[in-house]
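The next block holds one structure in the form of structure tokens; read it before the comments.
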2 protein chains.
Amino acid sequence: MDLDELDRAILRELQKDARRTNRDLAAAVGVAPSTSLERVRSLRERGVLRGYRADIDLESIGRGVQAMIAVRIRPPSRRNIEAFREWVARLPETVSVFVTSGTRDFLVHVAVPDTDGLYAFVIDRLTERPEVADVETSVVYEHMRTPAVEPVRPQR
Amino acid sequence: MDLDELDRAILRELQKDARRTNRDLAAAVGVAPSTSLERVRSLRERGVLRGYRADIDLESIGRGVQAMIAVRIRPPSRRNIEAFREWVARLPETVSVFVTSGTRDFLVHVAVPDTDGLYAFVIDRLTERPEVADVETSVVYEHMRTPAVEPVRPQR
DNA sequence: GGTAGCGCCGAATTTTGTTCGGCGGGGGTT
DNA sequence: AACCCCCGCCGAACAAAATTCGGCGCTACC
């Protein structure tokens with residue numbers, strides 16, 4: 001999949017603000033609105049642009065405590081891994097799920113109202129699953145996201 | 001920050017597709033367009049809705065290999081933690097950074113073109129920092145995100 | 001039972017999205 | 001070297017959406 005500089009500029013703008021008007025977007029990347037519209041359509045059709053998501057403040061929806069929970073599944077068979085993945089992804093506390101190599105099989109990012117909620121998640125929810133052999137919880141103090149397509153670097 | 005059922009319905013819709021037209025959004029949540037517009041504005045002003053981001057396929061921008069890297073900082077002083085956080089967040093390979101409690105101080109989610117790129121990131125980039133005492137890399141086979149505001153559950 | 005305040009509505013206006021015919025430039029062919 | 005083809009950008013016209021704002025009704029508190 002090759003992207004030219006215009007495609008990359010468009011992606012950069014859209015990950016800063018996916019709701020910029022097409023006119024603004026066109027002006028920002030230096031083409032006509034019809035051109036940027038066509039490029040965006042192409043990026044969607046090619047699967048580069050998968051969609052647009054609202055960025056919601058977890059604190060203000062009452063989920064201010066976050067944690068990363070490393071989970072070991074035993075035995076780590078396909079059956080157990082897939083079953084756990086589907087189950088954990090559907091829990092309301094789960095924000096995202098990483099399936100990993102290494103000493104642990106999953107990293108589960110959760111957001112809960114408070115530390116009680118976190119404790120309850122670990123000792124009530126996770127332990128209901130027989131394939132969960134081991135759990136290690138780390139509280140997330142801060143979570144920073146960075147753009148997937150890098151900003152342009154200043155040229156000298 | 002209290003949200004009523006209409007606010008939550010709007011957030012649910014916007015995290016599925018942040019670019020739905022306001023008319024569609026209004027129809028989906030059962031109010032007039034002017035009402036949903038006003039609610040969305042309020043959610044933004046209150047900081048609940050932080051913005052709108054494009055969801056970009058990492059594979060198609062040449063960053064198909066992902067990993068989670070646990071990093072231990074020694075000594076874990078505020079000075080060292082903040083310096084490392086700022087530095088690592090600016091690297092082009094970094095997708096997101098979790099500052100955590102527990103045996104490790106950071107979890108760094110990276111996306112690179114291939115396994116060579118991953119290896120280079122760990123042994124070239126991370127080791128330039130003197131405060132990095134320990135590094136543990138886990139390849140991410142799969143990453144699933146789930147909505148922050150839960151979908152409505154079917155009522156019986 | 002009255003009244004004040006809040007939030008929803010819908011029509012009018014402004015702004016934006018979208019389509020499409022044409023034009024220009026780069027690359028390939030003779 | 002000249003020609004031609006094709007691709008992609010452009011801009012104007014049309015369609016659709018966002019946004020504003022006056023008014024109305026509901027609720028809750030006198």
**OP:** Scan for side-chain hydrogen bond (donor to acceptor under 3.5 Å, both in side chains) pairs involving residues 110-120 of chain B, sequence neighbours excluded, and state none if there are none.
**Re:** none
Original post:
Does B:Val95 offer a backbone N or O that forms a donor-acceptor pair with the side chain of A:Arg145 under 3.5 Å?
Top reply: no
Strictly under 3.5 Å: I want the nitrogen or oxygen pairs between protein and nucleotides 17-20 of chain C, one per line.
residue, atom, partner, partner atom, Å
C:dG17, OP1, A:Asn22, N, 2.5
C:dG17, OP2, A:Asn22, N, 3.0
C:dG17, OP2, A:Arg23, N, 3.0
C:dG17, N7, A:Arg23, NH1, 3.4
C:dT19, OP2, A:Arg41, NH2, 2.9

Original post:
Rounded to whole angstroms, how far apart are CG on B:Leu14 and C1' on D:dA18?
Top reply: 15 Å
Original post:
At what distance, to the nearest 0.5 angstrom, does CZ of A:Arg125 lie from CD1 of A:Ile123?
Top reply: 12.5 Å
Subject >> Interatomic distance where CZ belongs to B:Arg39 and C1' belongs to D:dT20 [whole Å] >> reply: 18 Å
Subject >> Whole-Å gap separating P (D:dA18) and CZ (B:Arg44) >> reply: 15 Å
Subject >> Value in whole Å for how far the P atom of C:dT16 lies from CG of A:Leu25 >> reply: 13 Å
Original post:
Taking CG from B:Asp4 and C1' from C:dG7, how many angstroms apart are they, rounded to a whole number?
Top reply: 11 Å
Original post:
Any idea which heavy atoms bring B:Thr94 and A:Thr146 closest together, and the distance?
Top reply: O-OG1, 2.6 Å
Subject >> Exercise: identify the closest heavy-atom pair between A:Val140 and B:Thr100 >> reply: CG2-CG2, 4.2 Å
**OP:** Inspect the contact between B:Arg41 and B:Glu45 and indicate whether a charged nitrogen and a carboxylate oxygen are less than 4.0 angstrom apart.
**Re:** no
